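It should be emphasised that the depicted structure is a prediction, and the values quoted were computed from it without experimental measurement.
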Amino acid sequence: MGEQTKIQPQSQPVQSESQALPQIEAQVQTQSLSQPFNTPTTTTSELTTVPPPITSPPAKIPSRPRKIRKVSPNAAATTANDPNSSPTSTTTTTETPKSPAIKTPRTKTSQQLVIATPRIVARSLTCEGELEYAIHYLRNADPLLASLIDIYQPPSFDTFPTPFLALARSILYQQLAFKAGSSIYTRFISLCGGEAGVLPETVLALTPQQLRQFGVSGRKASYLHDLARKYRNGILSDSAIVNMDDRSLFTMLTMVNGIGSWSVHMFMIFSLHRPDVLPINDLQVRKGVQLLYNLPELPRPSQMDQLCEKWRPYRSVASWYLWRLQESKGSPSSVIAVSTSGNLTQQQQEDQQQPQLIDPINSILNLGACAWGQ
């Protein structure tokens with residue numbers, strides 16, 4: 001039997017080549033499907049390269065729909081195109097449309113303020129046509145003041161000396177009647193060689209003893225020297241004083257010993273011809289405001305700015321009419337006395353018990369040649 005077993009395979013008929021090929025291909029396909037990675041044939045290697053591209057989906061893909069839901073329609077396109085966008089950037093894009101709504105009302109408010117508060121820039125009262133315009137403006141701004149404008153003639157100004165000379169005269173006339181101040185000032189001018197010689201260097205060269213011989217007290221001599229030193233050190237100068245604004249000028253001049261707020265106000269009105277100066281410490285101006293508005297009490301200096309706000313920017317001219325009002329009511333005004341007669345009667349000097357009532361004489365003269373129309 002052993003021999004028959006060995007001979008049986010050889011007894012099978014031999015198939016032709018055309019019949020064997022289909023069977024071989026079928027076997028190869030079966031083997032390649034059942035064992036794709038163990039077959040070393042070329043055909044199986046080509047088939048095994050197909051599966052690797054199929055990989056597990058990335059972790060970020062499921063989160064994309066959630067991001068798109070959170071973003072507004074305008075920002076969704078930007079987020080889809082930029083896979084690296086973060087939630088912070090999406091929050092920024094949703095808030096940007098709100099910014100125009102905040103800026104719009106601010107722009108409208110600023111425009112309303114500019115329209116509601118027009119500002120008039122006043123010039124020096126000696127400029128051509130400025131005084132006439134100031135009177136026209138005050139007449140329309142305050143009907144009560146307009147009644148005074150109809151009664152009294154407007155002021156007029158002459159040229160003024162140098163600021164240094166005007167300030168020196170202000171110091172010399174302090175607390176003095178017109179006649180005594182004029183006598184001292186005349187001798188002081190002669191000692192300096194005339195008004196043109198009143199310079200910082202000339203004043204510093206005069207000793208307190210020399211000044212005392214002409215009636216200048218030791219205190220006033222120290223005031224004059226302090227003014228001259230500030231000029232020599234460059235803290236003050238005539239050109240700087242002329243070009244300073246009112247606030248800066250007030251600050252700088254009150255640094256000089258012996259020159260207070262009242263003297264600065266008179267200097268600014270009668271020497272520099274500044275248009276918007278309100279001498280709040282002048283007693284005659286305060287009485288004029290009380291009389292004009294029929295106030296029960298004399299207004300305090302701190303109340304003057306509010307009461308006279310409607311006169312801006314020509315409060316200097318309004319103050320002139322208040323001085324004239326006080327003169328017409330029998331109250332002696334030093335400012336008007338100097339501009340009209342150049343002297344005060346004995347009764348007027350006795351009535352001026354407070355220093356403020358005598359000071360206008362000093363300042364008007366020390367402020368130089370200023371003439372007020374009658």
Self-check item: Cluster overlap M252 with F267, hydrophobic side-chain contacts below 4.5 Å
Solution: yes
Quiz item: Got more than 12 heavy atoms from elsewhere within 6.0 Å of CD, Q209?
Solution: yes
Exercise. Can you establish whether the number of heavy atoms outside R212 located under 6.0 Å from its atom CZ is more than 12?
Key: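 Correct, the count exceeds 12.
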State whether the side chain of [X] and the backbone N or O of [Y] hold a donor-acceptor pair below 3.5 Å, judged by distance alone.
{"X": "Y314", "Y": "L131", "answer": "no"}
{"X": "S263", "Y": "I259", "answer": "no"}
{"X": "S271", "Y": "M268", "answer": "no"}
{"X": "D226", "Y": "N257", "answer": "yes"}
{"X": "Q174", "Y": "G258", "answer": "yes"}
{"X": "S319", "Y": "L278", "answer": "no"}
{"X": "D238", "Y": "F164", "answer": "yes"}
{"X": "S183", "Y": "A180", "answer": "no"}

Side-chain touch [X]/[Y], heavy atoms, less than 4.5 angstrom:
{"X": "V256", "Y": "L236", "answer": "yes"}
{"X": "F188", "Y": "V203", "answer": "yes"}
{"X": "V198", "Y": "T162", "answer": "no"}

Exercise. Take M244 and L253, measure what side-chain contact (heavy atoms from CB on, under 4.5 Å) needs, and give me the verdict at the end.
Key: CA-CA 11 Å; M244 281 183 191; L253 290 183; over 6 Å; no
Quiz item: Which residue, R315, R247, R123, forms the salt bridge (Lys or Arg N to Asp or Glu O under 4.0 Å) with D276?
Solution: R315
Exercise. Evaluate the criterion side-chain contact (heavy atoms from CB on, under 4.5 Å) for residue pair C308 and I280; output intermediate values, then yes/no.
Key: CA-CA 10 Å; C308 306; I280 59 175; over 6 Å; no
